[in-house]
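For reference, the structure is listed below as structure tokens.
Remember, predicted model here, so these are calculated numbers, not experimental data. Throughout, protein chains are lettered first and strands after them, A, B, ... in sequence-line order, and every chain is numbered starting at 1.
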Number of protein chains: 2
Amino acid sequence: MELSDRKKLILRAVVENYIQTAEPVGSKAIVASAGLKVSSATIRNEMAELENLGLLEQPHTSAGRIPSPQGYRLYVNELMEEHRLTIQETQKINDALHLKIRQMDQVMSEAGKIISQLTRYPTFALATGSKKAVISRYDLLMVEENSFIAVLMTDGQVVKNKLFRLSETVSAPQLQLLSTLLNTSFTGLTLEELTPELLKVSAHAGEEAYSLISLVVSFAIEVLEEMENHVVHTAGIPSLLAHPEYQSLEKAEPLMNFLSEMGERGSLPAVQGKNVKILIGPENLADELKDSSVIMASYDIGGGMQGVIGVVGPTRMDYADLAARLSYFAEGLSRMFGKGELAEPAEE
Amino acid sequence: MELSDRKKLILRAVVENYIQTAEPVGSKAIVASAGLKVSSATIRNEMAELENLGLLEQPHTSAGRIPSPQGYRLYVNELMEEHRLTIQETQKINDALHLKIRQMDQVMSEAGKIISQLTRYPTFALATGSKKAVISRYDLLMVEENSFIAVLMTDGQVVKNKLFRLSETVSAPQLQLLSTLLNTSFTGLTLEELTPELLKVSAHAGEEAYSLISLVVSFAIEVLEEMENHVVHTAGIPSLLAHPEYQSLEKAEPLMNFLSEMGERGSLPAVQGKNVKILIGPENLADELKDSSVIMASYDIGGGMQGVIGVVGPTRMDYADLAARLSYFAEGLSRMFGKGELAEPAEE
DNA sequence: TTTAGCACTCGTTCTTCCTGAGTGCTAAAG
DNA sequence: CTTTAGCACTCAGGAAGAACGAGTGCTAAA
């Protein structure tokens, strides 16, 4: 059933009032805020109906109404006006984008910090790959006679390095050989294929060569594992406390713990699809998020990889504003990654 | 003036009781806990004197006593028994040490996470260098005709890389030349010396070469800046909330914000000297820490660098236990970095 | 269909009172 | 001189109650 225009207006007024004040909205407040030429009693009747429809809720009998998750959902889907960022806001975001950002996986973590500062909400950021990551290239650089650096590059243009110190010495030709072998046998393999291949090669190679190979390949495995686990960066967790719904510790603590452990355990709401996505209250899979909302936006990194950045907050969030900011920010990132020439689009 | 043995015993009992219960300690409790054969009235007299000396405090007239910062200080300096870790605890730390740790600056951040999990307190970790860091070596790896990877190594054995994409193309010989130039002119220079040198070279080099050089040198500057700023990693901030002194938001919030921003702004209590250091309450420089204590331990990374890892908590902390853990952990890290052969002592 | 009026609900806040842990002091005992 | 028992006193914290007021639902009239 379609809502009457007046009901929509009222629902919207409730949501927007509540977003601002964090307090239940009464019928009088609606009369004052929305430009309706009816009395509060009429509004009360309408609100009672909206409550029956499950769009509004009463925290207790004699309080105003607050939007239910369904109410927010309807608001987000139909009622919300696309928020236009002010010039200052876009300027702020642009500045933030141009500053600071350096290496690929730092991009995600930096982006999170920036967004958190901009929005005063905790953020999370991660990268997802549509396909499995593989190592595309190995370079070995000699440091001293008993140490060398391995530089690995994945197909997603991510570069990682590691310094190895050995108990025995290696010569430059040995390293050269090793490098050739690695590039021949261990490129283009997914995580699952690496270990079997390692075993296979071990049969042919000598003891000493094998130990070197396995050192580097172990590192490759680490790198790929890290990428597959979609390491999550979080930032700005304490900013939760600034919002009235998390003033009570019982509310704040589990969520804060969840957020800070999210980074470790990689447990994350499954995400895909383009652009901005909003999950309201119980729409979230994780129990800890059932009373909170998540707004996230994805951006293209290139190389089949997508970055996702999101903010977490109370269901009472300024969805319009946040969605606009995230979206704009994500577009900026996509652009940065897109045309690699500009500025500093480098990756680690 | 030296305290009588009985006063010491009482002070110690107060501290240890309070550490456990987080509640003011009364005279009766002391009689029960310490093996003293005197009545509570006697204890009361003694406690009154200890209060006059500034070692104990009363939250309000009719409550028990709690240690003042000076009381804690005296306890830590003279009364505290060196805590011996149980075999399980050392085992736990050893496990943690061998696991996970990979790259140099990840060591610090990982170590922080581990300690935070072990202690249930927020941690911070950073590296300090006694001397200025310099770039000791540049390697340039060709990727495609319009992109290359720069691998930089500092004297502290820290390796960083970055992928550069260009709008024009470069040839292998060009890169070779560039690499030689960088290694000749831009190694061994501190942050302050790099920029002047860059200007000097720009005079001789052609337009195009100069733009490449400045790209890489800018990166070098970034790397050195990052190292000089002693980037601080924090972890486990939400675990603050588990402790009763931070149950009230007014107490918790400023500290949490301070900790989370510490990572950004690099503002940190100046640290040096070996081994474990304890800062109690007002001994901390930062205002936000005036009601908290910091326990930190340093470890040797090698190459003139020192790592520092610390925990932050209420003044009521189990100093003995935490100091022992941190110290043991730091020793483990020093050992790891010391003999480079073992396990995985690599650095980024 | 809208509105005014009114009784009712119920969270919030303020006050009051009570309790009990713990103190400081005094005076007697060791 | 030190220790102890006794006692009056203090004060945070919790419980209970009262007053308040914002907001509702319902009824009856416009």
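A salt bridge links B:Arg12 with B:Glu81: the distance from a Lys NZ or Arg NE/NH1/NH2 to an Asp or Glu carboxylate oxygen falls below 4.0 Å. Salt bridge A:Glu89/A:Arg325: present, at least one basic N to carboxylate O contact under 4.0 Å.
No N or O donor and acceptor, one from the side chain of B:Thr61 and one from the base of D:dT10, sit under 3.5 Å apart.
Looking at residues 8-23 of chain A, you'll see that no heavy atom sits under 4.0 Å from any atom of DNA chain D.
Take the nearest nucleotide of DNA chain C for B:Ala63 and for A:Asn45: the residue whose nucleotide is more 5' is A:Asn45. Toward the 5' end of DNA chain D, the nearer of the two residues A:Ser62 and B:Arg44, judged by each one's closest nucleotide, is B:Arg44.
D:dT4 and C:dA27 make up a base pair, with Watson-Crick or G-U wobble contacts both under 3.5 Å.
B:Glu23 and B:Thr21 form no side-chain donor-acceptor contact under 3.5 Å, judged by distance and modelled atom types alone.
Using modelled atom types, one side-chain atom of A:Asn284 and one backbone atom of A:Ser292 make a donor-acceptor pair closer than 3.5 Å. Although no hydrogens or angles enter the test, the distance criterion places no donor-acceptor pair under 3.5 Å between the side chain of B:Ser40 and the main chain of B:Lys28.
Taking every nucleotide of DNA chain C with any atom under 4.0 Å from a non-hydrogen atom of chain A, the first and last of them, 5' to 3', are C:dT2 to C:dG11.
By the ring pair (Phe, Tyr, Trp, His ring centres under 6.0 Å) test, B:Tyr328 is found to be paired with no residue, residues two or more places apart in sequence or in another chain being considered.
Separation of the B:Tyr319 and B:Tyr72 ring centroids falls under the 6.0 Å cut-off.
We find that CD of B:Glu49 is positioned 11 Å from C1' of D:dT2, with the value rounded to whole Å. Taking atom CE on A:Met47 and atom P on D:dG23, their separation rounds to 9 Å, with Å as the unit. Whole-Å rounding puts the A:Arg65 CZ to D:dA22 C1' distance at 13 Å.
Among the protein residues, A:Ser27 comes within range of the sugar-phosphate backbone only, with heavy atoms under 4.0 Å from sugar or phosphate atoms but none that close to a base.
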*Going through the distances and angles, do A:Glu49 and A:Arg6 end up as a salt bridge (Lys or Arg N to Asp or Glu O under 4.0 Å)?*
CA-CA 12 Å; A:Glu49 289 183 48; A:Arg6 194 169 64 189; over 6 Å; no
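In terms of heavy atoms, B:Tyr121 sits closest to B:Ser116 at O-OG, 3.2 Å.
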